K.L.:
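Before anything else, here's the structure in question.
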Amino acid sequence: MKERIKNIYKKIIKYPVTIWMLVSIIALAAVYVSYAAYNGTADVKRVVSTQATSVTVFSSNYLELYSNTEMAVKNLRTTTEGNFIVSITVCNYDQMDFNSYAKSQIDYEFKAELVKQDNNNYVPVTSVQKNGSDAKTFYVQKIMDDNQTSIGDQYTLNGNGGTFSYTFSNESLTGVNSYKDSFDICFDAAEVARDVPELFIRVTATPTEESRQLNSGISTLASIISISQGRSVETGWHGSLQETGNEEYDGYNLIIEGSGAGTIDILWDNTKFTMNPAFITLYGNTGKGILSLERDDDEREGWKIRTLEVNSMEDNRYVVQFYKKTNSATGAGNILCNHYVATVVEATEPEP
């Protein structure tokens, strides 16, 4: 036995490179076999996750991801009169997960531009009619920097000085923690009073190329925003799925939007889907307190219901993610949003 070990040792000394190459090949083969066995096949295939696996660490409350195609349009409604201000955040974390912050600083450019609708396109305006002798009030203003209140100058978008846009060129969000910047855009009272919007403000937040490389997955954010009292628009809320079919989705996005105030039910087949825990944390009892506790659906076995309190004066759009419990689950017919009940304000008798 000792002699055999001696012979093996001599061969290792004599042919070290050859021996170690053989050992490496055997080790790699073992790893490949184990990995193939784990996936059930020798060909590695993409497995669809049934839980959330990705976050967007460059996000906003009103702006959406933009890929040089169709830009999101946000038609906001109000019942108040006068100039109207919309506060737009730009964050270095996912809107549904405050702790999912970017690992590196994000440098970006923020631009607000007054535009009008031309058929299906939105084009820059070249003139704005005055309110009598006064210029209409359209402006953009930075009000928060890295979570700290920082009231900056108001930059007009009404054409005074020959410009209908303003760009904040050197903005940044510090990394290694959750930070947000905030900008106000202001709409003139005459525009707010319209039933149908005439002027819009197009807003974009564009990260630098270096920031894109340092923070994987971030992209330009953009939306076209309008505001009106919308007297001819009937109040109400509804929900619909953003995705259709199965197509190997990790889950489905339920878009809930509308105008007015009240409550609306969110229903789903709990044997097939689970609601995003981050949405529950953000809007449930430990967060904003507008999402009810989960309860059974008396009409459908295995289904769950949560009721969302809605008020378009505070937010006119919500996105709820539902993740699959089984890869074969489809959203159509298994995720619903209905039973909108408007809040009724009772008239009070005037005091004598």
Side-chain angles (χ1 to χ4, degrees), residues 49 51-67 72 74 85-112 140-152 167-185 203-223 225 250-251 253-256 274-291 306 308-309 311 314-323:
S49 170
Q51 292 293 330
T53 56
S54 61
V55 295
T56 302
V57 294
F58 188 57
S59 67
S60 168
N61 59 343
Y62 280 106
L63 310 184
E64 297 189 8
L65 289 175
Y66 174 61
S67 57
K74 309 284 187 179
I85 292 175
V86 181
S87 295
I88 300 173
T89 63
V90 180
C91 312
N92 73 339
Y93 53 84
D94 190 276
Q95 289 294 293
M96 299 308 301
D97 186 358
F98 181 79
N99 294 314
S100 63
Y101 48 80
K103 304 307 178 187
S104 300
Q105 177 172 302
I106 297 177
D107 299 315
Y108 70 97
E109 174 185 281
F110 186 92
K111 181 179 180 180
V140 60
Q141 178 182 30
K142 187 173 184 181
I143 61 169
M144 179 175 289
D145 184 73
D146 272 355
N147 299 344
Q148 301 299 314
T149 299
S150 178
I151 308 299
T167 301
F168 296 83
S169 299
N170 300 303
E171 297 304 312
S172 64
L173 292 162
T174 305
V176 202
N177 213 327
S178 299
Y179 290 102
K180 73 176 178 182
D181 294 344
S182 188
F183 302 82
D184 280 353
I185 56 172
V203 183
T204 56
T206 307
T208 63
E209 188 59 37
E210 182 180 2
S211 293
R212 293 173 194 255
Q213 294 174 0
L214 293 174
N215 298 278
S216 177
I218 71 171
S219 185
T220 297
L221 305 172
S223 285
I225 300 172
D250 290 340
N253 292 291
L254 177 66
I255 311 297
I256 304 172
T274 182
M275 182 183 283
N276 185 357
F279 184 85
I280 297 171
T281 300
L282 181 61
Y283 294 105
N285 291 340
T286 58
K288 296 184 178 181
I290 61 173
L291 183 68
R306 283 181 183 267
L308 181 68
E309 297 177 19
N311 186 341
E314 298 175 2
D315 204 335
N316 72 334
R317 189 174 189 268
Y318 299 89
V319 181
V320 193
Q321 290 83 22
F322 285 89
Y323 304 121

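The residues of the chain are indexed from 1 along the displayed sequence. It should be emphasised that the depicted structure is a prediction, and the values quoted were computed from it without experimental measurement.
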K.L.:
Are side-chain N/O atoms of Asn99 and Tyr93 paired as donor and acceptor at under 3.5 Å?
P.N.:
no

K.L.:
If every non-hydrogen atom of Ala205 is compared with every non-hydrogen atom of Leu63, which pair is closest and at what distance?
P.N.:
CB-CD1, 4.1 Å

K.L.:
Please examine the side chains of Met144 and Val90, heavy atoms only from C-beta on, and report whether any two atoms are closer than 4.5 Å.
P.N.:
no

K.L.:
Kindly indicate, with the supporting measurements, whether the criterion side chain to side chain contact (heavy atoms under 4.5 Å, CB included) is fulfilled by Ile143 and Ser87.
P.N.:
CA-CA 9 Å; Ile143 61 169; Ser87 295; 4.2 Å; yes

K.L.:
Side-chain contact, heavy-atom cut-off 4.5 Å: Ser223 with Val203?
P.N.:
no

K.L.:
Taking the side chain as every heavy atom from C-beta outward, state whether Asp94 and Val57 have any pair of such atoms under 4.5 Å apart.
P.N.:
no

K.L.:
Which atom pair, heavy atoms only, marks the closest approach of Lys103 to Asn215?
P.N.:
N-OD1, 3.6 Å

K.L.:
Determine whether Thr281 and Thr286 make a side-chain contact, defined as any pair of heavy atoms from C-beta on separated by less than 4.5 Å.
P.N.:
yes

K.L.:
Checking side-chain polar atoms at under 3.5 Å, does Asp181 have a donor or acceptor matched by the opposite partner on Tyr108?
P.N.:
yes

K.L.:
Is the closest side-chain donor-acceptor distance between Asn61 and Thr89 under 3.5 Å?
P.N.:
yes

K.L.:
With sequence neighbours excluded, what pairs up with Glu64 under the salt bridge (charged side-chain N to carboxylate O under 4.0 Å, His left out) test?
P.N.:
Lys74, Arg317

K.L.:
Looking at Lys142 and Glu171, is there a salt bridge between them, counting it only when a charged N and a carboxylate O are closer than 4.0 Å?
P.N.:
yes

K.L.:
So do the side chains of Leu173 and Cys91 get within less than 4.5 Å of each other, counting heavy atoms only?
P.N.:
no

K.L.:
Identify the residue among Ile88, Val140, Val86, Ile85 that makes a side-chain contact (heavy atoms from CB on, under 4.5 Å) with Asp184.
P.N.:
Ile85

K.L.:
Taking the side chain as every heavy atom from C-beta outward, state whether Asn276 and Val320 have any atom pair closer than 4.5 Å.
P.N.:
no

K.L.:
Hey, could you give me the CG/OG distance between Asp145 and Ser182, rounded to the nearest 0.5 Å?
P.N.:
11.0 Å

K.L.:
Nearest 0.5 Å please: distance from the OH atom of Tyr283 over to the CD1 atom of Ile290.
P.N.:
6.0 Å

K.L.:
Quick one: are the ring centres of Tyr179 and Tyr101 less than 6.0 Å apart?
P.N.:
no

K.L.:
Find out whether Phe98 and Leu282 are in side-chain contact, i.e. whether some heavy atom of one side chain is under 4.5 Å from a heavy atom of the other.
P.N.:
no

K.L.:
Side chains of Phe58 and Leu221: does their closest heavy-atom pair fall under 4.5 Å?
P.N.:
yes

K.L.:
At what distance, to the nearest 0.5 angstrom, does CG of Asn177 lie from CG of Asn92?
P.N.:
8.0 Å

K.L.:
Show the nearest heavy-atom pair for residues Arg212 and Pro207, with the distance to one decimal.
P.N.:
NE-O, 3.3 Å

K.L.:
Measure the acute angle between the ring planes of Phe183 and Phe110, then classify it against the limits of 30° and 60° as parallel, tilted or perpendicular.
P.N.:
parallel

K.L.:
Do Ser59 and Thr56 get their side chains close enough for a donor-acceptor pair, meaning under 3.5 Å?
P.N.:
no

K.L.:
If every non-hydrogen atom of Met275 is compared with every non-hydrogen atom of Leu291, which pair is closest and at what distance?
P.N.:
SD-CD2, 4.3 Å

K.L.:
Between Gln105 and Asp107, does any side-chain donor sit less than 3.5 Å from a side-chain acceptor?
P.N.:
yes

K.L.:
Determine whether Tyr62 and Ile185 satisfy the following criterion, side chain to side chain contact (heavy atoms under 4.5 Å, CB included), listing intermediate values before the conclusion.
P.N.:
CA-CA 12 Å; Tyr62 280 106; Ile185 56 172; over 6 Å; no

K.L.:
For the backbone of Gly152 and the side chain of Gln141, can you confirm whether one donor and one acceptor N or O come within less than 3.5 Å of each other?
P.N.:
yes

K.L.:
Do Thr206 and Glu109 get their side chains close enough for a donor-acceptor pair, meaning under 3.5 Å?
P.N.:
no

K.L.:
Distance from Asp146 atom CG to Lys180 atom NZ, nearest 0.5 Å?
P.N.:
12.0 Å

K.L.:
For side chain to side chain contact (heavy atoms under 4.5 Å, CB included), just list the numbers for Ile280 and Arg306, CA-CA rounded to whole Å, side-chain angles, deciding distance to a tenth of an Å, and then say yes or no.
P.N.:
CA-CA 10 Å; Ile280 297 171; Arg306 283 181 183 267; 3.7 Å; yes

